[in-house]
Number of protein chains: 2
Amino acid sequence: MLEETQKYDVFQAIADPTRRKLLEIIAVEELSISTMSSHFTMSRTAVTKHLHILESAGLVNSRKSGREKLYRLETEPLQKLQSWLSIYEQYWDNKLAKLKKVIEDNQDVE
Amino acid sequence: MLEETQKYDVFQAIADPTRRKLLEIIAVEELSISTMSSHFTMSRTAVTKHLHILESAGLVNSRKSGREKLYRLETEPLQKLQSWLSIYEQYWDNKLAKLKKVIEDNQDVE
DNA sequence: ATTATATGTAACCAAATGGTTGTATGTCAA
DNA sequence: TTGACATACAACCATTTGGTTACATATAAT
């Protein structure tokens with residue numbers, strides 16, 4: 001089987017405000033393209049393109065239901081983003097951040 | 001005084017891999033443009049443009065030192081990114097994330 | 001069967017992005 | 001003061017991005 005070429009990464013995907021809003025509204029519940037489009041002034045086609053980019057970055061999944069295509073949030077890339085960010089936590093002097101780090105370093109402890 | 005128009009936000013700024021690498025090398029120590037350029041194959045001018053974008057997003061600060069311009073990391077926008085991300089933590093079932101959330105909700109407790 | 005709804009996709013476009021080269025200016029060292 | 005180094009900036013360019021309209025197809029409802 002050929003690997004799906006992941007054209008977009010999470011960093012590019014969240015760079016656009018429309019796509020961030022899409023993630024926001026999709027996080028709450030599975031939504032169809034039309035329903036999502038109603039939240040924007042731009043065309044449905046434009047929203048579809050944004051969804052394809054989010055999908056390429058692994059941030060959303062979709063399934064067909066009748067004539068609708070329902071999208072839902074996929075959090076794995078966001079978790080990766082979080083771990084990228086966590087490297088920089090040491091650069092702001094924040095007791096909370098350090099405490100988190102301690103927790104992370106011991107996350108095998110149930 | 002006129003407000004500096006912040007043309008770029010942190011999301012756009014970190015979307016580019018070159019700019020992420022710049023943040024990475026600058027995080028460790030204050031560096032000049034030439035020194036940073038030596039880490040890339042692209043021209044110094046290109047690196048300068050990336051630095052301007054990072055600066056516009058508030059991710060770096062600079063100061064002149066003789067003929068050099070030294071840049072250093074500014075973490076505030078990354079902290080904002082973290083708080084944006086934290087909203088999504090509830091969507092991955094992760095005991096650690098929930099623990100962190102508890103800590104955050106009680107961060108006034110010294 | 002016909003119509004309305006939901007989506008897919010191609011073709012097109014303007015503006016933004018990420019790079020280049022060339023030239024000018026400021027500073028340090030010999 | 002002359003040359004080398006560090007940066008600034010303008011002009012230019014190809015590609016990508018984010019949008020559009022138009023048309024085709026699939027499913028649901030009457």
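Proteins get letters first, then strands, A, B, ... in listed order; numbering begins at 1 in each.
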Can you tell me how far [atom2] of [N] sits from [atom1] of [X], to the nearest Å?
X	N	atom1	atom2	value
B/K69	D/dT7	NZ	P	9 Å
A/H52	C/dA10	NE2	C1'	13 Å
A/L51	D/dT17	CG	P	17 Å
A/R44	D/dT21	CZ	P	12 Å
A/E55	C/dT9	CD	P	11 Å

Excluding sequence neighbours, so at least two apart, what forms side-chain contact (heavy atoms from CB on, under 4.5 Å) with [X]?
X	result
A/T35	A/L31, A/S32
A/T41	none
B/R67	none
A/S43	A/T45, A/A46

Q | Contact residues, residues 30-41 of chain B to DNA chain C [heavy atom, < 4.0 Å] | A |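 Of all residues in residues 30-41 of chain B, none places a heavy atom under 4.0 Å from DNA chain C.
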
Q. Quick one: is D/dT20 close enough that its OP1 or OP2 comes under 4.0 Å of any side-chain N or O from A/S43?
A.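 Yes.
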
Under the salt bridge (Lys or Arg N to Asp or Glu O under 4.0 Å) definition, can you give me all pairs with a residue in [range], not counting sequence neighbours?
range	value
residues 12-29 of chain B	A/D9-B/R20
residues 78-87 of chain B	B/E76-B/K80
residues 32-52 of chain A	none

Q.
Give me the atom names and distance for the closest heavy-atom approach of A/S83 to A/S86.
A.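 The answer is O-OG, 2.7 Å.
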
Q) Does the side chain of A/E68 pick up a donor-acceptor pair with the side chain of A/S34 at under 3.5 Å? A)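 No donor-acceptor contact under 3.5 Å links the two side chains.
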
(Q) Does anything in residues 40-86 of chain B form a ring-ring contact (aromatic ring centres under 6.0 Å, His included)? List the pairs, not counting sequence neighbours. (A)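 Listed by first then second residue: B/F11-B/W84, B/W84-B/Y88.
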
Q) How would you list all residue pairs meeting ring-ring contact (aromatic ring centres under 6.0 Å, His included) that involve residues 16-37 of chain A, not counting sequence neighbours? A)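 Applying ring-ring contact (aromatic ring centres under 6.0 Å, His included) to every pair that reaches into residues 16-37 of chain A, excluding sequence neighbours, yields nothing.
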
Which protein N or O atoms sit under 3.5 Å from an N or O of nucleotides 25-27 of chain D?
{"unit_1": "D/dT27", "atom_1": "O2", "unit_2": "A/R67", "atom_2": "NH1", "d": "3.4"}

N/O-N/O pairs, protein side and nucleotides 11-18 of chain C side, under 3.5 Å:
{"unit_1": "C/dT17", "atom_1": "OP1", "unit_2": "B/Q12", "atom_2": "NE2", "d": "3.4"}
{"unit_1": "C/dT17", "atom_1": "OP2", "unit_2": "B/Y8", "atom_2": "OH", "d": "3.1"}
{"unit_1": "C/dG18", "atom_1": "OP1", "unit_2": "B/D16", "atom_2": "OD1", "d": "3.4"}
{"unit_1": "C/dG18", "atom_1": "OP2", "unit_2": "B/R19", "atom_2": "NH1", "d": "3.1"}

